[in-house]
Amino acid sequence: MSTDYQLAYVSRTHPLTDDKPVLLCDPLTRLVAYPSFEQHLTAMLPTLARDGIHLAIGDVDGLREYVTERRATDPTAFGHLAGNECMRQVGELTNEWARVELGAGWDFRLCGTFGGDEVIVVATGYTHEHFLESVNRLCAKIRSGSPRPCSFAVGTLARHELAPDLAPAAYRHFVSQVDSALFEAKEKRKADGVPLDAQVWTVGHVSALHPAHDAGS
């Protein structure tokens, strides 16, 4: 199931088949573009939730400062072009990691963009602890191979029977818990004056929205 989709650029220059979903690819990072990521995962969520789902969101540390530094020291970098090159490398390293780390034994994997300087990864198979260890290796890989490190938050959606009509709310609830944990942890380090340098935080196991809660939202 890990490759049960096909990537396409907006130009659709490559021939596509009709037997797999088409997920649009971000041409810079070569990761799945976020709208396609959200749509595909939401559609798959009722099936994937039966076995539990692992999620990691990574945010590049100090990208704005890096862009400012590059603009000041290298007139040819044009600031944001340096940021684009950084994100290209983060995407390439993430794809390399996923091919090696999320292969045999993992039933499903999907790596996408999430915001301008974030990546989002979902996988099923093994345990939360296995996924957390693997994300730590991704964090180390990006730290050594990219101009800027990337910090991550990791969570696992507990096994859950999920009705298709509740999938969009469950997806938002799951992603928001992990994303909020990442944001709050990074903000706390900034407030404490502690440099951000490839940290990984875990929120452990989380639950999908209760149907009654969702019905009232």
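Count residues from 1 along the sequence.
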Hey, are the side chains of Ile53 and Val122 touching, using non-hydrogen atoms and a 4.5 Å cut-off? yes
Going from SG on Cys25 to CG on Leu31, what distance comes out if it is rounded to the nearest 0.5 angstrom? 7.0 Å
side-chain contact (heavy atoms from CB on, under 4.5 Å), that's the test. Do Met87 and Asp117 meet it? Break it down for me. CA-CA 7 Å; Met87 291 309 302; Asp117 57 355; 4.1 Å; yes
Euclidean distance, Leu132 CG relative to Cys139 SG, rounded to 0.5 Å: 10.5 Å
Which is it for Val32 and Leu24 under the side-chain contact (heavy atoms from CB on, under 4.5 Å) test, yes or no, and what are the steps along the way? CA-CA 6 Å; Val32 177; Leu24 296 182; over 6 Å; no
Value for CD (Gln39) from CE (Met44), rounded to nearest 0.5 Å, stands at 14.5 Å
Trace of the side-chain contact (heavy atoms from CB on, under 4.5 Å) decision for Leu63 with Cys86: CA-CA 8 Å; Leu63 183 62; Cys86 179; 3.9 Å; yes
Less than 4.5 Å apart, side chain to side chain, heavy atoms only: is that true for Val60 and Val90? yes
Could you tell me if the side chain of Leu23 sits less than 4.5 Å from the side chain of Phe37, heavy atoms only? no
When every non-hydrogen atom of Ala49 is compared with those of Leu157, the smallest separation belongs to CB-CD2, 4.4 Å
CA sep, side-chain torsions, deciding dist, call: Leu93, Trp97, side-chain contact (heavy atoms from CB on, under 4.5 Å): CA-CA 6 Å; Leu93 293 165; Trp97 163 83; over 6 Å; no
Closest contact, heavy atoms only, Thr124 versus Gly52: CG2-O, 3.5 Å
Using atom types as modelled and distance alone, determine if a side-chain donor or acceptor of Asp179 lies under 3.5 Å from a backbone N or O of Ile57. no
Hey, are the side chains of Thr156 and His205 touching, using non-hydrogen atoms and a 4.5 Å cut-off? yes
How close do Ala167 and Leu162 get, counting heavy atoms only, and between which atoms? CA-CD2, 3.9 Å
Test item: Arg189 side-chain N/O and Pro195 main-chain N/O as donor-acceptor pair under 3.5 Å: yes
Which pair of non-hydrogen atoms, one from Ala82 and one from Tyr66, has the smallest distance, and what is that distance? O-CE2, 3.7 Å
Would you say Phe183 ends up clustered with Val121 if hydrophobic residues are merged whenever their side chains have heavy atoms under 4.5 Å apart, either directly or through other cluster members? no
Minimum heavy-atom distance between Trp201 and Leu196, given as atom pair plus value: CH2-CD2, 4.4 Å
With the side chain counted from C-beta on, respond yes when Ser134 and Leu102 share a heavy-atom pair under 4.5 Å apart, and no when they do not. yes
Between Asp192 and Lys188, does any NZ, NE, NH1 or NH2 come within less than 4.0 Å of an OD or OE carboxylate oxygen? yes
So do the side chains of Thr29 and Val119 get within less than 4.5 Å of each other, counting heavy atoms only? no
Would you call Glu101 and Arg137 a salt bridge, taking side-chain N to carboxylate O under 4.0 Å as the test? yes
Would you give the length of the straight line joining atom CZ of Phe108 to atom NE2 of His54, rounded to the nearest 0.5 angstrom? 12.5 Å
Just how far is it from atom CD of Glu96 to atom CG of Leu138, taken to the nearest 0.5 Å? 10.5 Å
Note, Thr202 side chain near His128 side chain (heavy atom, < 4.5 Å): yes
Would you call Asp59-Lys186 a salt bridge at under 4.0 Å N-O? yes
Would you say that Val206 contacts His173 through its side chain, given a criterion of any heavy-atom pair below 4.5 Å between the two side chains? no
Under the ring pair (Phe, Tyr, Trp, His ring centres under 6.0 Å) rule, collect the residues that match up with Tyr126, sequence neighbours excluded. Trp106, His130
If I take atom CG from residue Leu28 and atom CD from residue Glu85, how far apart are they, to the nearest 0.5 angstrom? 8.5 Å
Under 3.5 Å donor-acceptor pairs involving side-chain atoms of residues 142-154, not counting sequence neighbours:
| residue | atom | partner | partner atom | Å |
| --- | --- | --- | --- | --- |
| Arg143 | NE | Asp197 | OD1 | 3.0 |
| Arg143 | NE | Asp197 | OD2 | 3.4 |
| Arg143 | NH2 | Asp197 | OD1 | 3.4 |
| Arg143 | NH2 | Asp197 | OD2 | 2.5 |
| Ser144 | OG | Ala140 | O | 3.2 |
| Ser144 | OG | Lys141 | O | 3.1 |
| Ser146 | OG | Arg148 | N | 3.4 |
| Ser146 | OG | Arg148 | O | 3.2 |
| Arg148 | NE | Asp61 | O | 2.8 |
| Arg148 | NH2 | Asp61 | O | 3.1 |
| Ser151 | OG | Asp61 | OD1 | 3.1 |
| Ser151 | OG | Asp61 | OD2 | 2.9 |
| Ser151 | OG | Gln199 | N | 2.9 |

Is Val100 reachable from Phe131 through a run of I, L, V, M, F, W or Y residues, each pair having side-chain heavy atoms under 4.5 Å apart? no
Between Ser176 (side chain) and Arg172 (backbone), is there a donor-acceptor pair under 3.5 Å? yes
So, Arg88 and Glu92, do they make that salt bridge, N to O below 4.0 Å? yes
Heavy atoms only: give me the nearest Asp107-Gly125 pair and the separation to one decimal. OD2-CA, 4.0 Å
